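Since the structure comes first, as structure tokens, the remarks are kept for the end.
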There are 2 protein chains.
Amino acid sequence: MNQDTMNRGFSAIMKELGLKETPKRRAVLEVLAEQHGFLSPEEVWRAARVRFKTIGLPTVYRNLEELAAGGVISTIIHPSRQLYYYFCTTGSGHHHHFICTSCRRVEDIPECTVAAMEQDIITRTGGRITSHIVQFNGLCRHCLTDPNKRITT
Amino acid sequence: MNQDTMNRGFSAIMKELGLKETPKRRAVLEVLAEQHGFLSPEEVWRAARVRFKTIGLPTVYRNLEELAAGGVISTIIHPSRQLYYYFCTTGSGHHHHFICTSCRRVEDIPECTVAAMEQDIITRTGGRITSHIVQFNGLCRHCLTDPNKRITT
DNA sequence: TGCCAAAGAGAAACGATTTCTTTTTATACC
DNA sequence: GGTATAAAAAGAAATCGTTTCTCTTTGGCA
Ligand SMILES: [Mn+2]
Ligand SMILES: [Mn+2]
Ligand SMILES: [Zn+2]
Ligand SMILES: [Zn+2]
């Protein structure tokens, strides 16, 4: 994703969400978009500080939360239970992820085939499903190939 | 689950995991087994203190973690990112859950139909899947029927 | 240009979870 | 039954990721 596409797209995104287009907010989004994997709020903050002498960690937390609430970025469920975010370049469309627990790469799982399971649950339990979590964890082919390059976080 | 079944089963469980059968550990398991829904470590602790004047919160955390590692209890993924545990009476067999975010009831999802998705990911990405998360969140039929009885946690 | 709600800085608080040290206890073995 | 020993627990304290607070700054709009 080149810088121009990024900037144009980001302006539209923030407008749609009714969020002001501030340099800090754009930086948060840019930092995430430049990564191939998911990042923690503190990692986003460290990367953003390279561009801004001053940017507060609470600012990063707030923006990440807002952007995730708006569906612009995805939250990653992690065994450590820390917060992690990922900017998914696959446009709209509901889908899930395969994350490498070693290097943090993320792969799309295009089809969400849980519809049948949901219908089954609804009819069987009589409840209403408001959301679901489907995520596959493992090692990507890079980390599988080079065991000595694995990042055991 | 009656008390006798509980005690006999629990002894075997701890033996299998190579854990000493202590009163505190059994209490943690009993508290969870008596609930129809999932509990936080502090809630387990409060319930366990009814039986023991002294039981430390770290003890509860440690036991819950060990029992979960042994597969005896399940961890629940929660939007609040707090820890929650659930004692699943469905014996062995891999399956997933539908949890009510209001009253914390848990329903089994007997079939795990993600095998096809996994195979697809493996062949397409060349990675290895070590685990997956599949969970459905929503409102159970009780909470759906009585909106005014909903527990908005 | 001026207004004002939204956004950010910086410091501080928070609180769930973990760590540490000392004491107790379950279990294996005699 | 008595004893050794490693596991387990108590209680206090620390940790640290995350959130809150107060004041200041700024983007969007007329
Ligand atoms: Mn994606
Ligand atoms: Mn179950
Ligand atoms: Zn990897
Ligand atoms: Zn319910």
Side-chain angles (χ1 to χ4, degrees), chain A residues 7 10-31 38-70 72-73 75-85 153, chain B residues 7 10-31 38-70 72-73 75-85 153:
Chain A
N7 287 337
F10 289 176
S11 295
I13 285 171
M14 295 180 201
K15 193 145 292 180
E16 280 164 30
L17 296 182
L19 299 173
K20 288 185 181 176
E21 190 183 346
T22 67
K24 309 295 170 68
R25 180 167 286 143
R26 185 168 32 241
V28 165
L29 207 37
E30 280 171 8
V31 164
F38 55 87
L39 295 178
S40 70
E42 187 170 346
E43 288 165 340
V44 172
W45 178 57
R46 286 206 300 264
R49 268 198 307 184
V50 174
R51 310 174 193 195
F52 300 96
K53 36 272 144 213
T54 66
I55 176 172
L57 192 47
T59 297
V60 173
Y61 270 90
R62 182 169 13 85
N63 276 299
L64 288 171
E65 190 176 355
E66 289 163 346
L67 293 169
V72 177
I73 59 179
T75 59
I76 299 291
I77 305 289
H78 200 270
S80 73
R81 277 177 302 106
Q82 269 194 230
L83 278 174
Y84 286 102
Y85 292 97
T153 310
Chain B
N7 287 336
F10 290 177
S11 294
I13 285 172
M14 296 179 199
K15 193 144 291 181
E16 280 164 29
L17 297 183
L19 300 173
K20 288 185 182 178
E21 188 183 347
T22 67
K24 309 296 169 67
R25 178 167 287 142
R26 185 168 31 241
V28 165
L29 206 39
E30 281 170 6
V31 164
F38 55 88
L39 296 177
S40 70
E42 188 169 346
E43 288 165 339
V44 171
W45 178 58
R46 285 206 301 265
R49 268 198 307 184
V50 174
R51 311 175 192 192
F52 301 95
K53 34 274 145 208
T54 67
I55 175 171
L57 192 46
T59 297
V60 172
Y61 270 90
R62 181 167 15 82
N63 276 298
L64 288 171
E65 190 177 356
E66 290 164 345
L67 294 169
V72 177
I73 60 179
T75 59
I76 300 292
I77 306 290
H78 199 270
S80 72
R81 292 190 348 277
Q82 268 194 230
L83 278 173
Y84 286 101
Y85 292 97
T153 309

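Just so you know, these numbers come straight off a predicted model, no measurement behind them. Within every chain, numbering begins at 1; the chains are lettered A, B, ... in the order of the sequence lines, protein sequences first and strands thereafter.
- Closest-nucleotide positions on DNA chain C for T22(B) and L83(B) were compared, and the one nearer the 5' end corresponds to L83(B).
- One can place OH of Y84(B) at 9 Å from P of dA16(C), the figure rounded to the nearest angstrom.
- Between H78(B) and Y84(B), the ring planes are tilted. Angles from 30° to 60° get that label.
- Judged by distance alone, the side chain of K24(A) and the main-chain N or O of T54(A) form a donor-acceptor pair under 3.5 Å.
- Separating the CZ atom of R81(B) from the C1' atom of dG17(D) is a distance of 8 Å, rounded to the nearest angstrom.
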Contacts under 3.5 Å, N or O only, protein and nucleotides 28-30 of chain C:
none

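- In this entry the distance linking CD of Q82(A) with P of dT18(C) reads 12 Å, nearest Å.
- Position along DNA chain C of the nearest nucleotide to E65(B) versus K20(B) favours E65(B) as the more 5'-ward residue.
- Here dA9(D) presents its C1' atom at 9 Å from CG of N63(B), a figure rounded to the nearest Å.
- The CD-P distance, from E43(A) to dT18(D), rounds to 11 Å in whole Å.
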Please write out the pairs of protein N or O atoms and N or O atoms of nucleotides 9-11 of chain C separated by less than 3.5 Å, giving the distance to one decimal.
{"from": "dA9(C)", "atom 1": "OP1", "to": "K24(A)", "atom 2": "NZ", "distance (Å)": "2.5"}
{"from": "dA9(C)", "atom 1": "OP1", "to": "T54(A)", "atom 2": "O", "distance (Å)": "2.8"}
{"from": "dA9(C)", "atom 1": "OP1", "to": "I55(A)", "atom 2": "N", "distance (Å)": "3.4"}
{"from": "dA9(C)", "atom 1": "OP2", "to": "G56(A)", "atom 2": "N", "distance (Å)": "2.6"}
{"from": "dA9(C)", "atom 1": "OP2", "to": "T59(A)", "atom 2": "OG1", "distance (Å)": "2.4"}

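- When the P atom of dA26(C) is taken as reference, atom CG of L17(B) falls 18 Å away, rounded to whole Å.
- Among dT27(C), dA8(D), dA16(C), the nucleotide with an atom closest to any side-chain atom of E42(B) is dA16(C).
- Remark: R26(A) engages E21(A) in a salt bridge, criterion side-chain N to carboxylate O under 4.0 Å.
- One can place CG of L19(B) at 11 Å from P of dT27(C), the figure rounded to the nearest angstrom.
- At the phosphate of dT18(D), OP1 or OP2 sits under 4.0 Å from a side-chain N or O atom of Y61(A).
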